[in-house]
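Shown next, in structure tokens, is the structure this report addresses.
Counting starts at 1 for both ligands and their atoms, following the listed order. Remember, it's a predicted structure, so these values are computed and weren't measured experimentally. Basis for what follows: all heavy atoms, side chains included, without hydrogens, waters or symmetry-related copies.
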Amino acid sequence: MAIKDIQQEILKLKKENDICILAHCYQSPEILEVADYTGDSFGLAVEAAKVENKTVIMCGVRFMAETVKILSPDKTVILSNADAGCPMAEMMDKDVISEVKKQYPDYTVVAYVNTTSELKTVCDVCVTSSSALKICRKLESDKILFIPDRNLGSWIAEQLPEKEFKLLSGGCPTHAKIGKEAVLAAKAKHPDALFLVHPECVSEVVELADYVGSTTGIMDYARKSDAKEFIIGTENSIVTHLQLECPDKKFYPLSKNLICNNMKATTLVDVLNCCKGCGGEVIELDEETRLGAKRCIDKMIELG
Ligand code: 13P
Ligand code: SF4
């Protein structure tokens with residue numbers, strides 16, 4: 001079957017079966033084209049709270065599908081590919097963080113949304129890369145235990161010197177593996193390009209950026225900028241999407257290794273199979289976990 005025929009079939013089944021497709025921006029162009037909503041982690045969570053369809057297919061990774069289920073327990077929520085996890089989300093568990101909390105009893109626990117639902121139950125509020133600064137600033141507490149992404153946490157901490165941050169040593173293996181040498185090499189190759197970076201990258205990389213922001217932050221910046229060339233310091237799918245959207249500008253990947261295999265796990269055929277009811281994984285959460293995690297997600301949406 002050709003790509004456009006599969007897409008036609010998905011669009012038909014979506015209508016017939018009252019399905020909404022949500023897709024993170026790191027998905028491939030052919031998936032984004034059939035989605036009802038595309039965006040970064042925060043945008044997807046906000047959209048998840050508004051969806052009215054009977055079934056939601058999340059093209060992204062597991063914690064994103066869990067967020068939809070947390071907000072919409074009566075819907076059938078399908079993770080597009082059962083193997084699409086997020087290594088950062090699985091890095092820390094509830095028991096470890098419960099122990100750490102005992103050392104910092106007066107700290108507010110801020111969890112990046114890239115965490116399991118179970119871990120969220122022992123946290124105070126979730127954030128995403130696009131909402132973290134705003135939410136941490138708004139929090140009454142001036143003592144923040146930020147988990148699990150050390151890089152995002154230290155970038156936020158730098159901008160809020162009036163608050164005290166405790167960071168743990170988690171992070172995104174895709175973004176964190178890129179070092180300063182890659183930036184220097186890319187800048188030497190493309191001296192006129194602006195460097196746009198995701199705060200999941202290490203601080204020595206972030207320090208060299210012209211702009212730091214979430215996935216959609218980077219995309220908006222590049223769309224609106226008068227500059228003509230950009231080095232993109234986030235998952236390489238964003239290079240492809242921006243190049244398709246802005247053909248008069250040039251986009252270069254910071255590194256050809258900036259690829260998240262989990263985000264790449266979903267194929268268009270996976271989405272088709274989910275629409276047929278024979279693919280992906282239906283997300284189930286016990287009510288106690290769901291409600292415990294919902295507290296943090298609701299607070300994120302309220303403050304973000
Ligand atoms: P954002 O969607 O918040 O930019 O985060 C990027 C990411 O790594 C998602 O898993
Ligand atoms: Fe997780 Fe990083 Fe992949 Fe995002 S890019 S899903 S944080 S591993």
Exercise. Going by atom types alone, do Glu30 and Gln7 pair a side-chain donor with an acceptor below 3.5 Å?
Worked result: no

Seminar exercise, completed: Of all protein heavy atoms, the one nearest atom 8 (O) of ligand 1 is Glu200 OE2, 3.1 Å

Problem set entry | Tyr26, portion touching ligand 1 at heavy-atom distance under 4.0 Å | side chain

Problem set entry | Proximal atoms of ligand 1 relative to Ser129 (non-hydrogen, under 4.0 Å) | 1 (P), 3 (O), 4 (O), 5 (O)

Problem set entry | side-chain contact (heavy atoms from CB on, under 4.5 Å) partner of Tyr252, chosen from Gln243, Lys189, His190 | His190

For this session: Distance to 0.1 Å, residue and atom name: give those for the protein heavy atom nearest to atom 4 (O) of ligand 1.
Result: Thr215 OG1, 2.5 Å

For this session: Please state which part of Asn114 comes within less than 4.0 Å of ligand 1, counting heavy atoms only: side chain, backbone, both or neither.
Result: side chain

Problem set entry | Close N or O approach (Asp40, ligand 1; < 3.5 Å) | no

Problem set entry | Within 6.0 Å of NZ in Lys134, more than 12 heavy atoms from elsewhere | no

Problem set entry | Beyond-backbone contact of Val109 with Tyr104, side-chain heavy atoms, under 4.5 angstrom | no

For this session: Using a 4.0 Å heavy-atom threshold (strictly under), name the region of Glu235 that reaches ligand 2: side chain, backbone, both or neither.
Result: neither

For this session: Check the side chains of Thr240 and Ser237 for a donor-acceptor pair under 3.5 angstrom, ignoring hydrogens and angles.
Result: no

Exercise. Any luck finding a side-chain donor-acceptor pair between Glu118 and Thr116 under 3.5 Å?
Worked result: no

For this session: With heavy atoms of His24 as the reference, note each atom of ligand 1 found under 4.0 Å away.
Result: 1 (P), 2 (O), 9 (C)

For this session: Return the set of protein N, O or S atoms whose distance to atom 1 (Fe) of ligand 2 is under 2.8 Å, each given as residue and atom.
Result: Cys86 SG

Problem set entry | Flag side-chain contact, heavy atom, 4.5 Å: Val68 against Lys75 | no

For this session: Indicate yes or no: does an N/O atom of His198 lie under 3.5 Å from an N/O atom of ligand 1?
Result: yes

Problem set entry | Atoms of ligand 1, numbered as shown, that sit under 4.0 Å from any heavy atom of Tyr112 | 5 (O)

Exercise. Using heavy atoms and a threshold below 4.0 Å, how should the contact between Glu235 and ligand 1 be classified: side chain, backbone, both, or neither?
Worked result: neither

Exercise. Which of the atoms of ligand 1 are close to Met263, meaning less than 4.0 Å from one of its heavy atoms?
Worked result: 10 (O)

For this session: Number the atoms of ligand 1 from 1 as they appear, then name those within less than 4.0 Å of a heavy atom of Ser41, with their elements.
Result: 1 (P), 2 (O), 3 (O), 5 (O), 9 (C)

Exercise. Does a donor on one side chain and an acceptor on the other come within less than 3.5 Å for His198 and Ser214?
Worked result: no

For this session: State whether the side chain of Arg150 and the backbone N or O of Gly170 hold a donor-acceptor pair below 3.5 Å, judged by distance alone.
Result: no

For this session: Assess the side chains of Ser130 and Asp40: does a donor N or O sit below 3.5 Å from an acceptor N or O?
Result: yes

Exercise. Counting only heavy atoms not in Glu288, do more than 12 fall under 6.0 Å of its CD?
Worked result: no

Exercise. Could an N or O of ligand 1 be found under 3.5 Å from any N or O of Ser130, whether backbone or side chain?
Worked result: no

For this session: List in chain and number order the residues that pass ring pair (Phe, Tyr, Trp, His ring centres under 6.0 Å) with Phe165, two or more places apart in sequence or in another chain; answer none if no residue qualifies.
Result: none

Exercise. Taking atom types as modelled, is there a side-chain donor on Glu66 or Ser117 under 3.5 Å from an acceptor on the other?
Worked result: yes

Exercise. For the hydrophobic clusters of this structure (ILVMFWY residues joined by side-chain heavy atoms under 4.5 Å, transitively), does one cluster hold both Leu133 and Tyr112?
Worked result: yes

Problem set entry | Subset of ligand 1 atoms that lie under 4.0 Å from at least one heavy atom of Ser214 | 4 (O)

Exercise. So is His24 in contact with ligand 2, going by heavy-atom distances below 4.0 Å?
Worked result: no

